[in-house]
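Heads up: the structure comes next, in structure tokens.
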Amino acid sequence: MSEDYESELPEQIAFRMAKREKLNELSDAYPVALPITHTIEAVKAHYPNLEADITTGDQVALAGRIMFLRNTGKLCFATLQSGTGERIQAMLSLDKVGEEQLELWKELVDLGDHVFVAGEIITSKRGELSVLASEWKMAAKTLRPMPNLHNELEEEFRVRHRYIDLIVRDRAREVVKIRSEVMQSLRSTFANQAYTEIETPMLQVMHGGASARPFKTHSNAFDTELYLRIAPELFLKRAVVGGLERVFEINRNFRNEGADRTHSPEFAMLEAYEAYGDYNSMMVLTQQLIQNAAMDVLGTHQVVLEDGEINDLGGQWDRISLFGSLSAAVGEEVTSETPIANLKKIADKVEIEIDHPLHGKYVEELWEHFVKPTLSKPTFVMDFPVDTSPLTRDHRSQKGVVEKWDLYVRGFEQATGYSELVDPVVQRERFTKQAELAAKGDPEAMRLDEEFLKALEFGMPPSGGMGMGIDRLLMSLTGLGIRETILFPLVK
RNA sequence: GGGCCUCUAGCUCAGUCGGUAGAGCAACGGACUUUUAAUCCGUGGGUCGUCGGUUCGAUCCCGACGGGGCCUACCA
């Protein structure tokens with residue numbers, strides 16, 4: 001380490017560096033192993049309510065991070081915290097550790113340090129469960145000062161230093177745990193229905209499965225452009241062609257588009273496909289996945305959100321038709337046959353501008369303006385325009401409409417499901433139309449994927465499919481913004 | 001992409017109608033054997049996001065750039 005580096009250090013780091021040096025001279029600032037006998041959690045659980053000023057005679061050895069330090073002349077107090085946030089008090093007294101060890105403690109131990117203490121379980125005069133140390137050791141010296149524990153950290157600081165956020169904020173740890181348990185719940189719902197979890201490529205020669213702009217990268221080995229996937233759909237369908245009749249994948253998608261409170265450039269996506277299912281069976285599955293997750297993780301379908309509001313996920317969720325609900329909202333019949341000119345008139349009346357060649361885009365924009373804001377309860381919105389859903393089967397009884405639903409929860413799209421298009425000839429036609437859009441400059445239009453079409457030509461059974469944003473599921477269950485549901489969201 | 005706001009000590013924030021800055025916690029020195037954000041006395045710590053411009057003088061006014069936020073348009 002150069003002297004330049006040290007001389008430029010903020011004073012608090014320089015002091016801690018010196019303490020680290022001294023610890024290493026005396027023994028070790030970062031010992032490889034410590035004779036720990038108990039976790040803080042175990043000790044707390046074992047002595048739930050001792051009276052004040054008690055000695056137990058029980059010896060323990062434990063370690064934790066120092067969150068508070070209260071050093072007096074001959075008796076020092078420290079609050080040690082475990083990784084789960086559980087805390088216990090350590091006491092170091094002159095008569096138990098001796099003058100030398102007490103002085104070293106006061107000289108070398110800072111807030112944030114991991115320390116080891118061994119001693120007797122007691123309660124203090126004020127009743128605080130404590131380890132009265134007969135011995136202490138540095139477990140790991142911290143070089144940087146901890147933030148002020150009495151003010152909330154700024155949002156940006158929390159995101160950029162999530163490890164500190166996790167140390168000081170209970171809710172940060174809770175959200176990590178909730179997310180992990182939601183994942184387990186989803187997998188268990190799938191496992192109970194004989195689904196197989198698979199992983200499909202995230203680096204793709206051709207991106208597809210959604211309308212979105214991809215991230216591009218380059219492979220040296222293949223000397224070719226590659227894309228980070230925008231969706232796993234086309235590979236999961238290949239798996240269904242291959243006979244994996246119930247498959248799902250939970251993994252990251254990447255979309256080179258805007259970032260805001262509900263969008264992150266990389267986000268966790270769940271997709272599931274079920275041979276001989278359709279969009280009706282996928283609605284049942286999706287409702288089960290979410291309701292089970294709420295029940296397994298939070299113990300209720302009446303989820304309390306961050307702002308105190310209740311998100312009621314219970315019961316049978318509403319199912320409405322896209323064209324029907326739009327027609328009711330605008331007060332006139334809107335169908336897949338309604339001329340664009342008429343749609344434009346409706347749009348003009350409420351002063352929304354739509355500039356897109358697709359009829360379906362008009363319908364969806366109008367729906368989002370008139371109906372979407374009125375949805376508060378979880379609602380399946382069914383039967384979408386064909387020209388905006390190139391991978392979806394035509395409706396079994398309605399013309400110009402496909403068997404697709406979107407699930408809206410608290411006003412944003414939570415999941416989507418389809419009766420999958422499995423006719424390779426129709427799929428080729430749909431891709432061709434997408435290619436025309438791409439030629440006209442639509443950066444989100446899909447590509448014609450010959451390899452995928454070849455797979456379909458080998459016969460894909462009739463299937464239902466669904467996709468759900470995991471981060472958004474976490475948002476629905478907690479009321480947090482997407483950057484709070486992702487442990488380490490992308491920051492510049 | 002467009003509009004508005006913001007960046008000051010390790011952290012959270014004040015502040016200067018233009019004369020180079022403060023608080024609380026944290027840190028350093030001292031006192032203290034029952035503290036709970038311990039207390040008391042004392043001390044240090046800043047390229048005021050970066051680069052330019054205006055000015056005798058800029059942390060403050062102006063411009064550009066960078067980070068962040070909110071609103072707005074688009075994708076889940």
Side-chain angles (χ1 to χ4, degrees), chain A residues 8-16 18-19 52-53 67-79 87-97 102 106-107 110-112 122-130 132 142-161 164-165 168 209-214 230-231 252-271 352-356 361 364-365 368 388 406-409 412-416 442-444 467-473 475-476 481-483 491-492:
Chain A
E8 283 170 17
L9 289 175
E11 60 166 358
Q12 297 203 40
I13 296 181
F15 280 119
R16 284 162 183 250
K19 292 174 184 179
D53 207 9
M67 302 306 285
F68 298 105
L69 256 186
R70 297 174 290 276
N71 290 345
T72 72
K74 299 186 181 68
L75 180 63
C76 298
F77 302 87
T79 304
R87 293 177 177 179
I88 194 166
Q89 179 165 271
M91 293 169 64
L92 290 93
S93 72
L94 179 63
D95 27 301
K96 293 290 178 194
V97 298
L102 190 68
K106 286 198 271 187
E107 181 186 345
D110 286 304
L111 283 179
I122 63 160
T123 53
S124 71
K125 284 182 179 165
R126 297 283 177 88
E128 186 78 27
L129 184 66
S130 308
L132 179 60
T142 63
L143 294 181
R144 290 180 183 269
M146 293 282 283
N148 173 357
L149 291 179
H150 317 302
N151 297 97
E152 288 204 347
L153 295 172
E154 267 189 336
E155 148 91 19
E156 187 183 359
F157 187 91
R158 294 210 313 253
V159 167
R160 288 184 187 275
H161 306 85
I164 296 176
D165 192 29
V168 305
S211 299
R213 300 187 208 190
I230 56 175
R252 231 74 65 78
N253 287 350
F254 306 86
R255 297 193 185 172
N256 207 344
E257 297 171 343
D260 59 31
R261 199 178 155 74
T262 56
H263 296 87
S264 172
E266 58 173 322
F267 61 101
M269 187 76 184
L270 159 66
E271 285 199 15
I352 51 175
E353 274 187 45
I354 306 169
D355 182 27
H356 203 278
K361 199 76 187 168
E364 288 183 13
E365 294 266 347
E368 282 182 19
T388 50
D406 272 355
L407 170 64
Y408 280 83
V409 179
F412 60 76
E413 205 180 328
Q414 172 75 77
T416 185
D442 184 345
E444 293 175 3
M468 176 159 67
I470 299 291
D471 315 289
R472 289 194 167 183
L473 175 57
M475 292 165 68
S476 294
I482 197 165
R483 277 156 62 92
V491 284
K492 257 172 118 174

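Proteins get letters first, then strands, A, B, ... in listed order; numbering begins at 1 in each. Bear in mind that the values here come from a model prediction, so they are computed numbers and not experimental data.
Here the closest non-hydrogen pair linking Met91(A) and Ser124(A) is SD-CB, 4.2 Å.
Rounded to whole Å, the distance from CZ on Phe412(A) to P on rC74(B) is 18 Å. Following rounding to the nearest Å, Glu128(A) (CD) and rU34(B) (C1') show an atom-to-atom distance of 11 Å. In this entry the distance linking CG of Leu75(A) with P of rA31(B) reads 16 Å, nearest Å. Rounded to whole Å, atom P of rC7(B) lies 16 Å from atom CZ of Arg160(A). Rounding to whole angstrom units, NE2 of residue His150(A) and C1' of rA37(B) are separated by 4 Å. Between the P atom of rG29(B) and the CG atom of Asn71(A) lies a distance of 12 Å, rounded to the nearest Å. The separation between Asp165(A) atom CG and rU12(B) atom C1' is 14 Å, rounded to whole Å. If you measure from atom CZ of Arg158(A) to atom P of rG69(B), you get 12 Å, rounded to the nearest angstrom.
Between rU34(B), rC75(B), rU33(B), one nucleotide has an atom nearer to the side chain of Asp95(A) than all others, and that is rU33(B). Considering only the side chain of Leu111(A), rA26(B) comes nearest among rU36(B), rA26(B), rC75(B). Of the listed nucleotides (rG68(B), rC75(B), rC28(B)), rC28(B) has the atom at the smallest distance from the side chain of Asp110(A). For Leu94(A), the side-chain atoms get nearest to rU33(B) when compared with the rest of rU34(B), rA27(B), rU33(B). Taking every side-chain heavy atom of Phe15(A) into account, rC28(B) is the closest of rC32(B), rG68(B), rC28(B). Taking the side chain of Arg255(A) as heavy atoms from C-beta on, and the options rC28(B), rU33(B), rC75(B), the nearest nucleotide is rC75(B).
The residue Arg87(A) sits apart from the nucleic acid: no heavy atom pair falls under 4.0 Å. Contacts of Glu365(A) with the nucleic acid, taken as non-hydrogen atoms under 4.0 Å apart, involve only primed sugar atoms and P, OP1 or OP2. Met91(A) comes within contact range of at least one nucleobase, with a heavy-atom separation under 4.0 Å. Residue-level contact check: Leu69(A) touches the backbone only, with heavy atoms under 4.0 Å from sugar-phosphate atoms and none from bases. Within 4.0 Å (heavy atoms only), Ser264(A) reaches at least one base atom of the nucleic acid. Within the nucleic acid shown, Phe68(A) comes within 4.0 Å of sugar-phosphate atoms alone, with no base atom in reach, counting heavy atoms only. Residue Lys96(A) is out of contact with every strand shown, counting any heavy-atom pair closer than 4.0 Å.
To the nearest 0.5 Å, the span separating CG on Leu75(A) from NZ on Lys96(A) amounts to 11.5 Å. Rounded to the nearest 0.5 Å, atoms CG (Leu69(A)) and OG1 (Thr79(A)) are 8.0 Å apart.
For the ring-ring contact (aromatic ring centres under 6.0 Å, His included) test, no residue two or more places apart in sequence or in another chain qualifies with Phe77(A). Applying the side chain to side chain donor-acceptor pair (under 3.5 Å) rule to Ser264(A) yields no partners; only residues at least two apart in sequence or on another chain are considered. Residues forming a ring-ring contact (aromatic ring centres under 6.0 Å, His included) with Phe157(A) (at least two apart in sequence, or on another chain): His161(A). Contacts of Lys19(A) classified as salt bridge (charged side-chain N to carboxylate O under 4.0 Å, His left out), with partners at least two apart in sequence or in another chain: Asp110(A).
Taking 4.5 Å as the limit, some side-chain heavy atom of Thr416(A) sits within range of a side-chain heavy atom of Asp406(A). Annotation: side chain of Ser93(A) is not in contact with side chain of Leu102(A) (no heavy-atom distance under 4.5 Å).
In terms of position along RNA chain B, the nucleotide closest to Lys19(A) lies nearer the 5' end than the nucleotide closest to the other residue of the pair Arg70(A) and Lys19(A).
Listed pair Lys106(A) / rC28(B) fails the phosphate criterion, with no side-chain N or O lying under 4.0 Å from OP1 or OP2.
The base of rU34(B) has none of its N or O atoms less than 3.5 Å from a complementary donor or acceptor on the side chain of Asp53(A).
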With both pairing distances under 3.5 angstrom for Watson-Crick or G-U wobble, and | for a partner in another strand, the correct string for RNA chain B is (((((((..((((.....[..)))).(((((.......))))).....(((((..]....))))))))))))....
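For rU54(B) and rU59(B), the P atoms lie 15 Å apart once the distance is rounded to whole Å. The separation of rG49(B) from rU33(B), taken at their C1' atoms, amounts to 48 Å, rounded to a whole angstrom. Using atom C1' as the reference point in both rC74(B) and rA64(B), the two lie 29 Å apart (nearest Å). Comparing the P positions of rC41(B) and rG46(B) gives a spacing of 25 Å, expressed to the nearest Å. Between rC60(B) and rU47(B), the two P atoms lie 15 Å apart (nearest whole Å). rC11(B) and rA27(B) are spaced 12 Å apart, taking the C1' atom of each and rounding to whole Å. Comparing the C1' positions of rU39(B) and rC4(B) gives a spacing of 47 Å, expressed to the nearest Å. Comparing rA58(B) with rC62(B), their P atoms sit 16 Å apart, to the nearest whole Å.
Counting only distance, with no hydrogens or angles, the side chain of Arg213(A) and the backbone of Glu257(A) share no donor-acceptor pair below 3.5 Å.
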Can Ser211(A) and Glu444(A) be said to form a side-chain hydrogen bond (donor to acceptor under 3.5 Å, both in side chains), step by step? CA-CA 5 Å; Ser211(A) 299; Glu444(A) 293 175 3; 5.7 Å; no
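Atom CD of Glu152(A) is surrounded by 12 or fewer heavy atoms from other residues, nucleotides or ligands within 6.0 Å.
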Look for any protein N or O under 3.5 Å of an N or O in nucleotides 8-11 of chain B and output each such pair with its distance, or none.
from	atom 1	to	atom 2	distance (Å)
rG10(B)	N7	Gln12(A)	NE2	3.4
rC11(B)	O2	Asn148(A)	ND2	3.4

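Stacking annotation: His263(A) is stacked on the base of rC75(B) (ring centroids less than 5.5 angstrom apart, interplanar angle below 30 degrees).
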